[in-house]
Participant: 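Would you mind keeping the following structure in view while I ask a few things?
These figures come from a predicted structure and were not determined experimentally. Naming: A, B, ... by sequence-line order, numbering from 1 per chain.
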Protein chains: 2
Amino acid sequence: MDPQLPQYKKLYEDLRKQIVDGIFKEGDLLPSENELCSLYGVTRPTVRQALSSLVSDGFIKKHQGKGSIVHKLPKGIGILSIAGTTSALGAKNIKSKMLEKPSVGQWPDPFMFPLNDAEKRAGCVQLSRIRYFNDRPIFYDINYLPNININRFTSRTFENKSLFDILRVNYGIEIIGGEQKLRAILSDKKLSDYLRLGEGMPVLHLERHFDTSRPGYSIYSSIYCNTMDQDVYGIF
Amino acid sequence: MDPQLPQYKKLYEDLRKQIVDGIFKEGDLLPSENELCSLYGVTRPTVRQALSSLVSDGFIKKHQGKGSIVHKLPKGIGILSIAGTTSALGAKNIKSKMLEKPSVGQWPDPFMFPLNDAEKRAGCVQLSRIRYFNDRPIFYDINYLPNININRFTSRTFENKSLFDILRVNYGIEIIGGEQKLRAILSDKKLSDYLRLGEGMPVLHLERHFDTSRPGYSIYSSIYCNTMDQDVYGIF
DNA sequence: TGACCCAACATGTATTTACAAGTTGAACTT
DNA sequence: AAGTTCAACTTGTAAATACATGTTGGGTCA
């Protein structure tokens with residue numbers, strides 16, 4: 001990929017891939033930190049930086065005196081962490097359908113998070129879609145992007161593509177963190193229609209605020225999740 | 001407290017306290033890493049280790065070239081992170097009531113997480129309680145502790161005390177991480193009674209598995225949360 | 001006055017070195 | 001043979017250093 005990627009990130013991606021691909025299985029011991037140093041030609045702090053990311057993403061656990069043990073891959077939907085929804089279940093089981101053509105408009109008022117003046121002035125692009133796992137609708141989400149330097153965005157197509165991937169590839173915008181609010185709600189008519197649920201069924205509602213690598217540029221999502229068949233999973 | 005606490009943890013606790021106490025306010029710039037080095041007589045890697053914990057706990061954000069900016073204190077209930085529920089709202093607004101005397105018994109079957117043989121053999125101590133914020137019931141939780149080397153546990157009293165604090169002070173057990181599953185459910189008769197909700201209202205259900213500093217010793221919680229008035233908050 | 005440049009300072013990445021502390025298993029002692 | 005000790009290996013903590021990269025504001029030059 002990018003040859004300018006920091007070494008610890010390359011090591012992180014490499015080890016993560018080997019875990020996801022099953023080369024390292026649940027319960028396996030990773031090579032020791034010193035072995036990884038030799039294998040990848042880096043020093044121990046660099047290795048530890050990569051391993052600590054794997055820990056916080058839930059891929060391994062470290063035990064002093066023993067080593068780094070591969071954690072079981074999460075069974076549920078890992079939406080609570082930054083990695084997004086595709087990491088756990090595998091992108092191949094996911095399909096998404098846009099509900100309407102993305103369009104520029106005003107922010108809803110009131111909005112779920114406070115907006116600064118620049119964001120308010122610019123207005124926002126709004127994208128709503130339904131995401132399916134194994135052909136069952138699990139997510140209905142509405143995404144709000146400030147209309148700042150994202151020309152030709154509305155004309156792009158998002159079917160079965162990751163919004164974050166498009167932002168990263170086409171605009172160099174990376175998600176670096178965020179905050180979220182959770183609550184349980186009852187499905188109304190629209191929700192029960194979109195998620196193929198009865199009315200008055202329990203739905204998990206997430207409101208998320210993403211920070212990006214572009215200073216001052218934030219992305220917002222309101223996500224409704226059917227948790228009847230599939231839990232939402234996270235580590236801490 | 002403990003004079004053997006690692007330096008980076010002392011610095012973390014010190015800065016965290018200053019943020020919670022309002023000495024550093026939202027939007028303030030923390031002293032730069034080099035200034036903190038001088039102030040606390042440690043080196044930059046140590047300072048950075050402390051700051052990175054503050055970042056992952058959502059207290060600050062770092063900006064290359066600018067500094068570390070104090071984040072707003074979360075408004076909702078910060079149960080998604082390890083810090084627990086008391087950090088955001090302040091312990092003074094929280095009361096808890098035990099529902100029955102803790103007692104030793106068998107694990108429920110099926111159980112929300114897989115148990116190993118030692119845990120199954122030992123049986124478990126079960127504690128259920130309701131937690132109130134501003135005299136309104138928000139949480140109903142059931143906690144399961146393996147009955148291994150926790151003598152005289154059932155006779156202690158937990159009213160208005162943190163379970164984790166008791167474990168730490170009396171048994172030297174610290175929570176070091178864990179995993180959780182989330183879903184939205186409808187309140188049944190018991191839940192609506194405990195949480196003062198109507199039946200068929202939406203409730204957030206968390207199932208949590210805590211790892212502790214005692215090897216092989218895990219704690220489990222099933223938490224039902226009324227999110228009608230108060231969101232659950234998290235960062236990522 | 002306005003645009004540009006750049007020095008000063010912030011955090012990010014990386015190396016090297018050292019010692020502390022937990023775990024394991026083999027060798028030794030009884 | 002069983003229990004103990006200890007050496008070797010693991011991760012944890014910490015220091016000192018160097019350079020890269022992003023931000024800011026003041027000074028310079030047109």
Participant: Measure from the side-chain heavy atoms of B:Arg44 and tell me the nearest of D:dA18, D:dA14, C:dT15.
Facilitator: D:dA18
Participant: Take the protein atom NZ of B:Lys9 and the nucleotide atom C1' of C:dA20, then report the distance between them rounded to whole Å.
Facilitator: 14 Å
Participant: Distance check, rounded to the nearest 0.5 Å: A:Gln126 atom CD versus A:Asn143 atom CG?
Facilitator: 9.5 Å
Participant: So, is B:Arg48 close to the C:dT11 phosphate, meaning a side-chain N or O under 4.0 Å from OP1 or OP2?
Facilitator: no
Participant: Please round to the nearest 0.5 Å and tell me the distance separating atom CD of B:Glu207 and atom CG of B:Leu182.
Facilitator: 9.5 Å
Participant: On a heavy-atom basis, which atom in A:Thr46 and which in A:Tyr8 lie closest, and how many Å separate them?
Facilitator: O-CB, 3.7 Å
Participant: Do A:Lys10 side-chain atoms and A:Tyr40 backbone N/O form a donor-acceptor pair below 3.5 Å?
Facilitator: no
Participant: Can you measure A:Leu29 atom CG to C:dT23 atom C1' for me and round it to whole angstrom units?
Facilitator: 11 Å
Participant: Test of understanding: with salt bridge (Lys or Arg N to Asp or Glu O under 4.0 Å), list the residues that count as partners of A:Asp141, not counting sequence neighbours.
Facilitator: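 A:Asp141 satisfies salt bridge (Lys or Arg N to Asp or Glu O under 4.0 Å) with A:Arg129, A:Arg131 only.
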Participant: When you compare the protein's N or O atoms with those of nucleotides 8-10 of chain D, which come within less than 3.5 Å of each other, and at what distance?
Facilitator:
residue, atom, partner, partner atom, Å
D:dT10, OP1, A:Ser32, OG, 3.3
D:dT10, O2, A:Gly65, N, 3.3

Participant: Taking the side chain of A:Pro45 as heavy atoms from C-beta outward, which of C:dA14, C:dT15, D:dG12 is closest to it?
Facilitator: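 Selected nucleotide: C:dT15.
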Participant: Could you pull out all residues at least two apart from A:His209 that satisfy ring-ring contact (aromatic ring centres under 6.0 Å, His included)?
Facilitator: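 A:His209: ring-ring contact (aromatic ring centres under 6.0 Å, His included) contacts with A:Phe113, A:Tyr220.
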Participant: From the set D:dA15, C:dT11, C:dT16, return the single nucleotide nearest to any side-chain atom of B:Thr43.
Facilitator: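 From the listed options, D:dA15 comes nearest.
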Participant: May I have the distance from B:Ile69 (atom CD1) to D:dT24 (atom C1'), rounded to whole angstrom?
Facilitator: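 Taking atom C1' of D:dT24 as the reference, CD1 of B:Ile69 is at 13 Å.
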Participant: C:dT13, OP1 or OP2 - any side-chain N/O from A:Tyr8 closer than 4.0 Å?
Facilitator: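 Yes.
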Participant: How long is the line joining CD of B:Gln49 and P of C:dT13, in whole Å?
Facilitator: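 Rounded to whole Å, this separation is 16 Å.
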Participant: Which of the following nucleotides, D:dT11, D:dT13, C:dT13, is nearest to the side chain of A:Pro6?
Facilitator: C:dT13
